[in-house]
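Naming convention: chains lettered A, B, ... in sequence-line order (proteins, then strands); numbering from 1 in each chain.
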Number of protein chains: 2
Amino acid sequence: MTNAQKGRSYSCWLGYDPVEDAAARELGQVALRKICLQADGATGECIAAELKRAAQGLFDLEPEMVSRPSEASLVVGVGLAGDQELDEEGFLVQELTPSGSLQIAAKTDRGLLYGVFAFLRELRLGRFLLGKENPAVPLRMLNHWDNLDGSVERGYAGTSIFWDGGGLASDLSRVADYARLLASVGINGISVNNVNVHADETALIGPKLPLVARLADIFRPWGIRIFLSVSYASPVELGGLPTADPLDPQVQNWWAERARAIYSRIPDFGGFVVKADSEHRPGPFTYGRDHAQGANMLARALGPYGGIVVWRCFVYNCTQDWRDYKTDRAKAAYDTFMPLDGKFDSNVVLQIKNGPMDFQIREPVSPLFGGLSHTNQMLELQITQEYTGQQRDLCYLVPMWKEVLDFDTFARGQGSAVKDIVAGKVFSQTYSGIAGVANVGSDPNWTGHTLAQANLYGFARLCWDPNLSAAAIAEEWIQLTFGPNAKVREVILEMLLRSREIYENYTVPLGIGWMVNPGHHYGPNVDGYEYDRWGTYHRADCWAIGVDRTAKGGTGFAGQYHPPNAQMYESRETCPEELLLFFHRAGYKERLRSGKTLIQHIYDSHFAGVEQVEEMIDRWNSLAGLVDPEIFIHVAERLQDQLKNAIEWRDVVNSYFYRKSGIPDERGRTIY
Amino acid sequence: MTNAQKGRSYSCWLGYDPVEDAAARELGQVALRKICLQADGATGECIAAELKRAAQGLFDLEPEMVSRPSEASLVVGVGLAGDQELDEEGFLVQELTPSGSLQIAAKTDRGLLYGVFAFLRELRLGRFLLGKENPAVPLRMLNHWDNLDGSVERGYAGTSIFWDGGGLASDLSRVADYARLLASVGINGISVNNVNVHADETALIGPKLPLVARLADIFRPWGIRIFLSVSYASPVELGGLPTADPLDPQVQNWWAERARAIYSRIPDFGGFVVKADSEHRPGPFTYGRDHAQGANMLARALGPYGGIVVWRCFVYNCTQDWRDYKTDRAKAAYDTFMPLDGKFDSNVVLQIKNGPMDFQIREPVSPLFGGLSHTNQMLELQITQEYTGQQRDLCYLVPMWKEVLDFDTFARGQGSAVKDIVAGKVFSQTYSGIAGVANVGSDPNWTGHTLAQANLYGFARLCWDPNLSAAAIAEEWIQLTFGPNAKVREVILEMLLRSREIYENYTVPLGIGWMVNPGHHYGPNVDGYEYDRWGTYHRADCWAIGVDRTAKGGTGFAGQYHPPNAQMYESRETCPEELLLFFHRAGYKERLRSGKTLIQHIYDSHFAGVEQVEEMIDRWNSLAGLVDPEIFIHVAERLQDQLKNAIEWRDVVNSYFYRKSGIPDERGRTIY
């Protein structure tokens, strides 16, 4: 694929188009004229290349690389003055007096890399970055659910960029381009295979390890450590042992030997990501061991080399009987992991999905955040839009993630927000962070829907600084991707910021979740999971809908929170209305705070959702001629798909509830 | 697989266990002592081998083969006295005077084959067959939906016995055994590949033709002609032509050349089975041609060699909008094919599914029967239990098929039953018949559920004589399969005869159909097809359920029948109640003839269905020690599966309607 074939969207937010603003242009041309780079090795080369590429693209300038700082307009280096307050990955941009030259200083090459990318970003945004920045969150990681056959579980952007036909993809230049993209927004870890690990992928810690080493070599210069998802049954499946019992010395030795082999090839290997005892994946339960015993065994194998175990908390009974009204899947992760708090080794990190269910368009925050106080924790977000439109529908997820990050758990009283927990500020943690399930594949625009690039960008930016607003991130991304046109910025900004509300409007009301087609999870199916074994029920009948999850009379889930959150959710009056049906059962004729009945709210929001998509289409069409024509057509097509999907959702959901409740729409609109 | 490994159920109804009854034993020993066989060739060899095998197994007798009829106790031959009134496939069994010897006479070797099998069957049943028999139905055919990779579409008995890995299955002795089984009940045609023809199977009329010839060689001695399902797009896919337009001379020539090639290898090739313009299969519609033009073109290619085109009428809009209340899939076949009545060539046969939808547990008879009066017709039945329990649940289908065959269409006034139409007695037809979608696979017992062998047996027996009763066929089959034990006969007979009612009780009420899990079609999913594109809706709301298909106010489907059927279905009062919801929309509180409300009928029948399965289990368990232990355990296991399935159906359907209607069960039983 040539760069021309890749199209404009291939370069994402790193398309270094010429800066047109005269003042900014002069500023850049002055700053990048003579560069003194004091960084060695491969990362140094990346920085040098990036600066040259930017200078050329943005300012039509061929920078002179000089060796003496005093001759430079820009000094980039480790060990310069002023880096004392920096973390390992932080950077400092300052103006040197009296020369007026600029300095980007850091304690590590990685810090420099981030500083340079940040400096260039701000230049492109017409701003002049000065001051110190440290990333808020230590582990800023992507999880790829890619399989070695090239398929991507829950992937909506083509096939894997890493794997094909059981081995590496043929075009690894794409991986290098991806590493650069990720480095530009501060990602520092990546797992490269699906958490559902099959036989082929188990070989990655065995005979296929050289393939991983090859990928690690590509990511290393960009400051990104590689992780692997592993099967807990690897000692059996790969090692031929009769057991994978974590307390069995043979098993322990086997993993220790695997760790040794891995680190001999990949000295900076990050560690393992493990989905154990979850949705039929093997795990320590098979041997009567708990998750701490299971995770610690792996941690002890990796520990000597500095590796970590990322242990997923997505554990629940996936063979529930729908007739069972007592078991509540929402409670499962808390019930499983809280008794183990404090029992995990210091190089184990529990990875916790944002909500207690599974990446629905609206869920409360997992009560494990704030619950676990003696355990390393990571937040798991889903960038790939499994339940949120599959990159056919527009859904900018940053506002939702912001809600999660800003959620105050009250674990240590007011001011114990999730963003502070994952930053390691609330509890004493050796490791903490955020992982995102990647939305990237082999499509020329990486993410299927070009506007879904904003989610990848926004995810990384939030990892760096969760205090950035969703709007600020969107504005950055739009300008870096589409240039400075004000109309373009205004239209796309509005589209992005409203998209989650719109998607929610035409899909699942008031936090109840699911109602999707089983399996692939696109499109409406109100009863799709209702009589099934997945623990995901809305319990709609002709009078009411919702699950009573209160402590008093319900499943007790609300009681898993600290006060005052527990009380807030417990009461129908104080429960945030967008989560009403998650926590409470409500009659169709009950009044919401808007004064509308519940059923009328369902009808109205679904009619509104479709109208809002139609408005989005109009808005987008107003950008004809103002954005790259290929992107314009592409997004217009996706919006048509979205409209079709929205209409289907509206009609199915409205018809379902009309048929069930028998209550007509007050406004007499068409329901089938 | 050795015979021992195959188990007792491998031999089906041809297990020649010793006859124990003394009188019957003497009779057989006398009759089979000296046999004079006057038939040549491969079929003659089959007959001789069968007589010897039976004599040995049944009577421990080694028959003497003699060449002079006067010396024989049994004369079997073509061209003997008394065959004047026989059809090509009929036979005559008579006692010769004064010798007292027996004679089986026929006009053809096939007639002899059928006569010998019938004679042996009756002997084993303790009866002495005398007289003349002609098969009622000319084309008695099985359709296998087998793919060359070995998979079987809608197969529930293992993989294909014909195909594997793109070629023939390794064990073709199994095919020979199958041919003998089919011949024993008079089947005379078989199509050996799926009506959904993919690229691999298209090659069967091209480079892979030798494989078909090999199968034809196996079937030929047993009087069975081989057919192939073909893709209408074969000239494009296989021939490299730019079109498959039936009016294009190139296309016509291509098919003529293919026919020539086929008949040069398989002189008795039966013809083509075609699913065209149906569920995304290619067809003449692509080229603006109708089905008559499409079928006749193929017929003209096959005609010179005596081949026929079996053209399926399963044509409907499979991308219907569920919001569209006017389009009615039930009407589609009639609407498509009635305008073409009389336009098909004399060697085209339209193959019509028994009902207007798709092999549901309860449907009215397709109005094409009795509608088409100038067109060759075949009835298509589904022996494989796609919607009727998938050979995990017991469902003896012969009673259902009897209803279809006995249905009086009134096409020529009273006495125009479907069985007479497919026998060619009502309209002037060159060809007519019955096809059954086979339920056979590589499982050692052929049909997955051993008791499902009764459906294969019963299908063939009905083809031979549709006036046989379901009970008589079941009794034959039980005795031939399980021997003469009266308790065994009584128990299994009751199980078989009640099984369809029981299955209907716990699944879909009153003819509305569907309510199954989409795709694989096992297990309950009331809304599974409700908001989908397949034209299969129940339209349940909180007040009522059912589709108004009357001529007055409904979709008009009822008007496709002749009077008085049209009037019978049109009126809520005269419509058979088991089809109530197929033809009418009814409120949950409406009273049925039983005095029960509709909703209470739904609850009661579902509770009853589960209880009836439990009773069946008890009844079966009473046979411990009386039937082959392997079969006993196998059936007991299937019944446990069935019980689980029945409970799931009961609870999902009852909960669905309780939640929807809000009307409690009068008897206060548990509904979720």
Side-chain angles (χ1 to χ4, degrees), chain A residues 319-327 514-520 522-533 537-547 585 587-589 599 606 610 644-645 647-664 669-672, chain B residues 319-327 514-520 522-533 537-547 585 587-589 599 606 610 644-645 647-664 669-672:
Chain A
T319 57
Q320 188 176 335
D321 190 327
W322 60 270
R323 284 160 283 229
D324 170 7
Y325 276 62
K326 289 193 181 127
T327 304
W514 309 93
M515 302 193 172
V516 291
N517 281 307
H520 60 73
Y522 192 76
N525 190 333
V526 181
D527 275 359
Y529 279 104
E530 187 59 16
Y531 299 97
D532 216 326
R533 60 195 174 78
Y537 312 114
H538 55 66
R539 312 282 192 202
D541 60 25
C542 58
W543 302 288
I545 179 175
V547 177
R585 190 164 178 78
Y588 297 120
K589 294 179 179 172
I599 189 78
H606 284 79
V610 171
K644 231 170 119 180
N645 189 40
I647 290 171
E648 191 69 10
W649 269 98
R650 176 195 68 192
D651 289 343
V652 169
V653 170
N654 283 349
S655 299
Y656 179 96
F657 285 102
Y658 170 64
R659 292 185 188 183
K660 203 147 206 167
S661 70
I663 303 169
R669 290 162 292 192
T670 304
I671 296 179
Y672 299 88
Chain B
T319 56
Q320 188 176 333
D321 190 326
W322 60 270
R323 284 160 283 228
D324 170 6
Y325 276 61
K326 290 197 182 121
T327 303
W514 309 94
M515 301 194 173
V516 292
N517 281 307
H520 60 70
Y522 192 75
N525 192 332
V526 181
D527 276 358
Y529 279 104
E530 188 58 16
Y531 300 96
D532 216 327
R533 60 193 175 80
Y537 313 112
H538 55 65
R539 312 283 193 199
D541 61 25
C542 58
W543 302 289
I545 180 176
V547 177
R585 190 163 177 82
Y588 298 120
K589 294 179 178 171
I599 188 78
H606 284 79
V610 171
K644 232 171 117 178
N645 189 40
I647 290 171
E648 192 68 10
W649 269 99
R650 176 194 68 191
D651 289 343
V652 168
V653 171
N654 283 347
S655 299
Y656 179 95
F657 285 103
Y658 170 64
R659 293 186 188 181
K660 203 146 207 167
S661 70
I663 304 170
R669 291 162 292 193
T670 305
I671 295 177
Y672 301 88

Open item on the list: Looking at every non-hydrogen atom in both residues, tell me the closest pair between B:Ala540 and A:Arg659 and how far apart they are.
Closed with: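 Looks like O-CD, 3.3 Å.
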
Open item on the list: Looking only at heavy atoms and a cut-off of under 4.5 Å, which of A:Pro518, A:Cys542, A:Pro524 has the most pairs with chain B?
Closed with: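 Top option by heavy-atom pairs under 4.5 Å: A:Cys542.
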
TODO: Might you work through the side-chain contact (heavy atoms from CB on, under 4.5 Å) test for B:Val652 and A:Trp322, ending with a clear yes or no?
DONE: CA-CA 9 Å; B:Val652 168; A:Trp322 60 270; 3.5 Å; yes

Open item on the list: What part of B:Glu648 gets within 4.5 angstrom of chain A, counting heavy atoms only: side chain, backbone, both, or neither?
Closed with: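 Backbone plus side chain of B:Glu648, per the 4.5 Å heavy-atom cut-off to chain A.
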
Task: Side chain / backbone / both / neither for A:Asp651 at chain B, heavy atoms under 4.5 Å - done: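 Contact with chain B: backbone and side chain both.
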
Open item on the list: For A:Ser661, which atoms come within 4.5 Å of any heavy atom of chain B: side chain, backbone, both, or neither?
Closed with: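 Backbone of A:Ser661 only, per the 4.5 Å heavy-atom cut-off to chain B.
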
Task: Ring geometry between A:Tyr531 and B:Tyr656 (parallel below 30°, tilted from 30 to 60°, perpendicular above 60°) - done: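 B:Tyr656 and A:Tyr531: tilted rings.
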
TODO: I would like to know whether A:Tyr672 and B:Arg539 meet side-chain contact (heavy atoms from CB on, under 4.5 Å); could you show each step before the answer?
DONE: CA-CA 9 Å; A:Tyr672 299 88; B:Arg539 312 283 193 199; over 6 Å; no

- [ ] Can you measure from CD (B:Glu530) to CG (A:Asp527) and round to the nearest 0.5 angstrom?
- [x]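 So the CD of B:Glu530 and the CG of A:Asp527 are separated by 10.5 Å.
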
